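Take a look at the structure set out below.
The analysis underlying the following values was restricted to heavy atoms, covering all of them including side chains, and did not include hydrogens, waters or symmetry mates. Reminder, nothing fancy here: chain letters follow the sequence lines and each chain counts from 1. As the structure is a computational prediction, the values presented were derived from the model and not from experiment.
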There are 2 protein chains.
Amino acid sequence: MSKPAARTRLAEAAFTLFDERGYEQTTVDDIAERAGVGRTTFFRHYRSKEDVIFPDHDRLLEQIKDRLATSSHDTALAAVSDAVRLVLMHYLAEGDLARRRYRLTSKVAALRDREIASVARYQRLFREFISSWMGDPTESASLRAELMAAAVVAAHNHVLRRWLRGESPDPGREVDEAMHDVLALFAAPGSRTGSDDRGTTVVAFRTGQDLDTLLPALRRLVADGPGQ
Amino acid sequence: MSKPAARTRLAEAAFTLFDERGYEQTTVDDIAERAGVGRTTFFRHYRSKEDVIFPDHDRLLEQIKDRLATSSHDTALAAVSDAVRLVLMHYLAEGDLARRRYRLTSKVAALRDREIASVARYQRLFREFISSWMGDPTESASLRAELMAAAVVAAHNHVLRRWLRGESPDPGREVDEAMHDVLALFAAPGSRTGSDDRGTTVVAFRTGQDLDTLLPALRRLVADGPGQ
DNA sequence: ACGGGAATGGTACTGAGTACCGTTCATAAG
DNA sequence: CTTATGAACGGTACTCAGTACCATTCCCGT
């Protein structure tokens, strides 16, 4: 008479039935019966029918919030990139469960919408974090924060989806590369790359003058180090 | 005995009641009664209770799809920027109605999620358009498409929200500026800006060599023009 | 006046989610 | 061993969204 904690049995029953008959065709009564518990018990463990599939999104969101609050990075984007990496790791740790969920969300519109809404909460959190980190209430700074949050989340989604579809053998590496791309997007041209501080940095700009005319200015820049 | 087409009366009744008692506290029966029609009629005009608030998202999505299909721009990003501008214009044309909806979605989580899901459909459409436009099935091209779609949508949302909150006197101009920023984000450093083609372009890179060592290479680049 | 199609209203049903109540069961205290 | 306590459970009954079906009315051209 093993009793793997009702909650687990409910989730297992739900996924099985969803696979067999589809989501809409499965009632909460079906799930409860299959798990050998009453209908009431189902709603005690999961707030809704959808919740069986997305059990701990709230908890994860809180974790991420904490991570951001206690993070020590030198840019907001780096902090957020690190945080979103945590989200990806959470999915990876779920393993096959995450893939079963993905198969469901691919088929059922209501579930896809729910998933999207969850992701949007992360994006909002990131946007607010970046905004407050920059401290700049300017309209253009606000837009920049919005773009950064969107880019980080998009990069995360890209890698996650690839892994969910079995197209990514090494999502950890891919997410690092993707975040690197995002960083590069927003890195001001000519700013430090952070990796190597020696040698010559050529800033990108465009001018009507020819190369010989601006060579003195270039030499001065190199001599002075990163001015501005 | 004016009969402004039942559908209109239903929408009006719904918004009024939602404002008075809140969304969850208003039943479909209440709305129908207020509009002076039967409950059945309500569901004939709107698929669901939420649909009263988001009536023509589907139609707009189709319009955007058409716009993209028949668009003639020289970059995918330009085509998508143009399309998203159409979305913004749709909201602007709604005027006060859009603002009432915004007040509701700000308060009711279920409605906010619904709105987010709609926006995600645009983003998905854009992503697929950009992807197929580039034709490049590479992983990095796919990521780039994802980032571009996310950025365009984020910029749109930014401007839209500002307007909805009454913070933007000229959203048309703002969306142009925002899209310009997005374009700039993805413009490869050193690539043509499209405005001025004369003069010297200095590409951004980083090297361990000092300026004099790489000066010959710089001169060769300038002489050859933009060689890959 | 008449026929037919579209819009309408009513009734009845399914299923999600909530509220409430009584029961069971484990455990710690006496 | 008995009892008190609290947590987990099961059952019943309710509200409300959404669907299906049927009957009625209204409008319009013939």
Side-chain angles (χ1 to χ4, degrees), chain A residues 1-55 57-58 104-105 107-115 117-118, chain B residues 1-18 20-55 57-58 101 104-105 107-115 117-118:
Chain A
M1 233 343 161
S2 58
K3 276 210 174 185
R7 187 182 164 88
T8 313
R9 272 180 302 154
L10 278 167
E12 190 52 46
F15 271 94
T16 307
L17 288 172
F18 292 162
D19 280 340
E20 282 178 14
R21 326 179 186 172
Y23 180 77
E24 284 97 346
Q25 283 66 42
T26 304
T27 72
V28 173
D29 283 291
D30 295 338
I31 301 171
E33 191 186 0
R34 177 94 165 211
V37 301
R39 199 177 103 95
T40 313
T41 301
F42 176 93
F43 283 107
R44 271 201 198 91
H45 285 284
Y46 300 100
R47 274 178 298 201
S48 72
K49 189 178 162 186
E50 294 178 356
D51 245 42
V52 196
I53 308 176
F54 310 99
H57 254 151
D58 291 357
L104 281 175
T105 52
K107 282 179 190 160
V108 184
L111 298 180
R112 183 170 42 242
D113 289 356
R114 165 73 181 256
E115 173 85 51
S118 295
Chain B
M1 220 6 142
S2 60
K3 275 211 174 184
R7 185 182 166 88
T8 313
R9 272 179 302 153
L10 278 167
E12 190 53 47
F15 271 93
T16 307
L17 288 172
F18 291 163
E20 283 178 13
R21 327 179 185 172
Y23 180 76
E24 285 97 346
Q25 283 66 45
T26 304
T27 72
V28 173
D29 283 291
D30 294 338
I31 302 171
E33 190 186 2
R34 177 94 167 211
V37 301
R39 199 177 101 95
T40 313
T41 301
F42 176 92
F43 284 107
R44 270 202 198 88
H45 286 283
Y46 300 100
R47 274 179 297 201
S48 70
K49 189 177 163 187
E50 294 178 357
D51 244 42
V52 198
I53 307 176
F54 311 99
H57 254 149
D58 290 356
R101 186 191 303 126
L104 281 175
T105 52
K107 281 178 192 160
V108 184
L111 298 180
R112 182 169 43 241
D113 290 356
R114 164 74 180 256
E115 174 85 48
S118 296

Starting from [atom2] on [N], measure out to [atom1] on [X] and report it in whole angstrom.
X        : N       : atom1 : atom2 : answer
Phe42(B) : dT19(D) : CZ    : C1'   : 14 Å
Ile31(B) : dG9(C)  : CD1   : C1'   : 17 Å
Asp29(B) : dG18(D) : CG    : P     : 12 Å
Glu33(A) : dC9(D)  : CD    : P     : 17 Å
Phe43(B) : dG9(C)  : CZ    : C1'   : 14 Å

Worksheet entry | Polar side-chain contact Arg44(A)-dG10(D) base: donor and acceptor under 3.5 Å |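 Per atom types, the contact qualifies.
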Worksheet item: Are any of the side-chain heavy atoms of Phe42(B) and Asp29(B) separated by less than 4.5 Å?
Response: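 In short, these two side chains do not touch, never coming nearer than 4.5 Å.
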Item to complete: Between dG15(C), dG17(C), dT12(D), spot the one nearest the side chain of Thr40(A), thanks.
Response: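 Closest nucleotide to the Thr40(A) side chain: dT12(D).
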Item to complete: Among dG9(C), dT8(C), dG10(D), find the nucleotide with the atom closest to the side chain of Val37(A).
Response: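 In terms of side-chain proximity for Val37(A), the closest of dG9(C), dT8(C), dG10(D) is dG10(D).
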Worksheet entry | Phosphate contact (dT8(C) OP1 or OP2) by His45(B) side-chain N/O below 4.0 Å | yes
Fill in: dG9(C) phosphate, OP1 or OP2, under 4.0 Å from Thr41(B) side-chain N/O
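The answer is yes; a side-chain N or O of Thr41(B) sits under 4.0 Å from OP1 or OP2.
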Practice prompt. Step through the shown structure and confirm whether more than 12 heavy atoms of other residues, nucleotides or ligands are within 6.0 Å of CZ on Arg21(A).
Written response: yes
Practice prompt. Look at atom CD of Glu50(A) and say whether more than 12 heavy atoms of other residues, nucleotides or ligands are closer to it than 6.0 Å.
Written response: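 Counting other residues, nucleotides and ligands, CD of Glu50(A) exceeds 12 neighbours.
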Worksheet item: Does Thr26(B) or Arg39(A) map to a spot on DNA chain D nearer the 5' end, using the closest nucleotide for each?
Response: Arg39(A)
Worksheet entry | Pair Lys107(A) + Asp19(A), salt bridge at N-O below 4.0 Å |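 Asp19(A) and Lys107(A): not salt-bridged.
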